[in-house]
Every structure is written in structure tokens, then in C-alpha cells.
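Nothing fancy with the numbering, it's 1 onward along the sequence.
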Amino acid sequence: MLKHFIAGISLIVFLALAPLAIGQTMPSGKWWQDPGIVKQLDLTSKEAKQIDKLFVKSRRRMIELKNQVEKEQFEYQTLMESQNLDESAVNRQLQKLEKARSKLNSERSSFVVGIRKILGHDRFQKLQRIYAK
């Protein structure tokens with residue numbers, strides 16, 4: 001039982017850090033509306049509108065998915081804090097939590113891929129360099 005618990009906690013920590021790794025490739029906020037970045041990337045108004053549309057769609061989905069992750073996390077914590085530990089229920093809930101986090105990470109990645117498609121290779125690389133500074 002302890003072995004499963006430790007493995008579960010390790011997996012949760014790993015899954016919690018994965019979004020941070022993905023998120024580091026893109027600046028936060030509406031960077032495509034920053035005049036300095038727009039100029040540096042030579043971003044057209046059409047491209048900015050495409051990014052806005054992508055952002056709104058992705059943001060709505062991420063809000064839903066974050067709520068699902070929080071719900072599954074709450075259920076997991078509730079099971080772990082119960083007086084009588086039901087290991088099979090904990091493992092089932094952990095699987096639900098992992099699935100919810102995976103969906104959230106996939107949505108984040110889809111947004112980055114969408115940005116990459118709009119900007120192309122060179123400007124996407126330039127955006128990453130701008131953000132790294």
C-alpha cells in the first residue's frame with residue numbers, strides 16, 4: 001500500500017510540473033497585443049486576430065479543464081484523508097486525476113502548436129528568444 005501511495009504522489013508531482021515545462025515556451029498574457037512584440041515579430045492584424053480567436057477558444061477550454069483537475073484533486077484528497085483508506089478507490093481516483101491533468105496539458109500544448117502554425121518556424125523561434133530575455 002505504501003508503495004502505491006509513494007508512486008501516486010510521485011506521479012502527481014510529475015504531472016503538476018509538466019504544465020510548467022510547457023508553459024515556459026510561451027509568454028503569458030496577450031503578448032500579441034504588445035506593440036513592441038508586434039513590431040519585433042512583424043505581426044499582421046490578421047494574425048493577431050487569429051491568435052485572439054485561438055486564445056479565446058483555448059482559454060475557455062482550459063478553464064473547464066482546470067476546474068475538472070481541481071474537482072478530481074479534491075476527490076483524491078478526500079479519499080486520502082478518510083479514516084478508512086480504500087486503496088482501490090484511491091487508485092481509481094488517481095487515474096481520473098491523471099486523465100484530467102493530461103487533458104489540460106494537451107490543451108496547453110494545442111494552443112502553443114496553434115501559435116506556432118500562425119507564426120511559422122522563424123517567428124516562433126524569435127518569440128521564444130524574446131521571452132527568454
Side-chain angles (χ1 to χ4, degrees):
M1 182 173 93
L2 181 60
K3 186 177 178 181
H4 290 288
F5 176 73
I6 292 171
I9 295 300
S10 298
L11 186 57
I12 287 172
V13 169
F14 172 76
L15 291 173
L17 294 177
L20 296 175
I22 291 171
Q24 293 303 312
T25 63
M26 293 291 297
S28 60
K30 294 185 176 184
W31 53 265
W32 60 94
Q33 294 177 355
D34 179 309
I37 293 177
V38 167
K39 185 176 180 180
Q40 289 181 59
L41 294 177
D42 196 26
L43 196 64
T44 68
S45 61
K46 180 182 177 184
E47 290 168 330
K49 287 178 185 175
Q50 288 177 308
I51 294 171
D52 258 333
K53 186 176 179 180
L54 177 66
F55 173 81
V56 168
K57 179 182 174 188
S58 181
R59 185 72 179 123
R60 282 189 179 125
R61 180 78 175 126
M62 281 194 276
I63 289 168
E64 292 171 9
L65 293 170
K66 283 179 186 179
N67 286 337
Q68 187 64 37
V69 167
E70 287 181 24
K71 177 183 174 248
E72 301 302 348
Q73 180 68 40
F74 173 76
E75 295 300 331
Y76 178 79
Q77 288 171 340
T78 301
L79 287 169
M80 290 300 295
E81 293 169 358
S82 68
Q83 183 69 29
N84 297 318
L85 183 66
D86 181 347
E87 187 175 348
S88 62
V90 167
N91 288 332
R92 284 191 305 273
Q93 187 57 39
L94 180 59
Q95 293 300 316
K96 288 181 181 180
L97 177 57
E98 290 172 20
K99 187 175 180 179
R101 285 187 172 156
S102 177
K103 286 180 181 180
L104 179 58
N105 289 333
S106 291
E107 183 59 36
R108 286 181 177 133
S109 180
S110 291
F111 178 70
V112 173
V113 168
I115 296 297
R116 165 62 173 83
K117 286 168 61 176
I118 292 168
L119 295 179
H121 177 268
D122 293 340
R123 290 190 299 163
F124 185 76
Q125 296 299 315
K126 189 173 190 177
L127 175 63
Q128 288 182 312
R129 284 191 303 273
I130 292 167
Y131 178 63
K133 294 178 183 178

Hey, what do you get for NZ (Lys57) to NZ (Lys53), rounding to the nearest 0.5 Å? 8.5 Å
Would you give the length of the straight line joining atom OG of Ser102 to atom CD of Glu107, rounded to the nearest 0.5 angstrom? 12.0 Å
Value for OG1 (Thr78) from CD (Gln73), rounded to nearest 0.5 Å, stands at 9.5 Å
Quick one: closest heavy-atom pair of Asp42 and Glu47, and the distance? O-OE1, 4.0 Å
Kindly determine whether Lys103 and Glu72 satisfy salt bridge (charged side-chain N to carboxylate O under 4.0 Å, His left out), including the steps that lead there. CA-CA 13 Å; Lys103 286 180 181 180; Glu72 301 302 348; over 6 Å; no
Euclidean distance, Lys49 NZ relative to Ile118 CD1, rounded to 0.5 Å: 13.5 Å
Polar side-chain atom of Ser110 near backbone of Ser106 as donor-acceptor pair, under 3.5 Å: yes
Picking from Val38, Ile51, Leu43, Asp52, what satisfies side-chain contact (heavy atoms from CB on, under 4.5 Å) with Gln33? Asp52
Has the side chain of Ser109 got a donor or acceptor atom that lies under 3.5 Å from a matching backbone atom of Asn105? no
Just wondering, do Arg108 and Val112 contact through their side chains at under 4.5 Å, heavy atoms? no
Side chains of Met80 and Gln93 in contact at under 4.5 Å (non-hydrogen atoms): no
Hey, does Trp31 have a side-chain heavy atom less than 4.5 Å from the side chain of Ile130? no
Could you check Phe55 against Trp32 for ring pair (Phe, Tyr, Trp, His ring centres under 6.0 Å), going step by step and ending with a plain yes or no? CA-CA 10 Å; Phe55 173 81; Trp32 60 94; 5.3 Å; yes
Heavy-atom distance under 4.5 Å between the side chains of Arg92 and Lys96, does that happen here? no
Rounded to the nearest 0.5 Å, what separation is found between the CZ atom of Phe124 and the CD1 atom of Ile115? 8.0 Å
Are Val69 and Phe74 in one and the same hydrophobic cluster, where Ile, Leu, Val, Met, Phe, Trp and Tyr link if side-chain heavy atoms are under 4.5 Å apart? no
Taking atom types as modelled, find out whether Asp86 and Ser88 have a side-chain donor-acceptor pair closer than 3.5 angstrom. yes
Are any of the side-chain heavy atoms of Leu104 and Gln68 separated by less than 4.5 Å? no
When hydrophobic residues are tied together by side-chain contacts of less than 4.5 Å, even through go-betweens, does Leu85 share a cluster with Tyr76? yes
Are Glu64 and Arg61 close enough for a salt bridge, meaning some N to O gap below 4.0 Å? yes
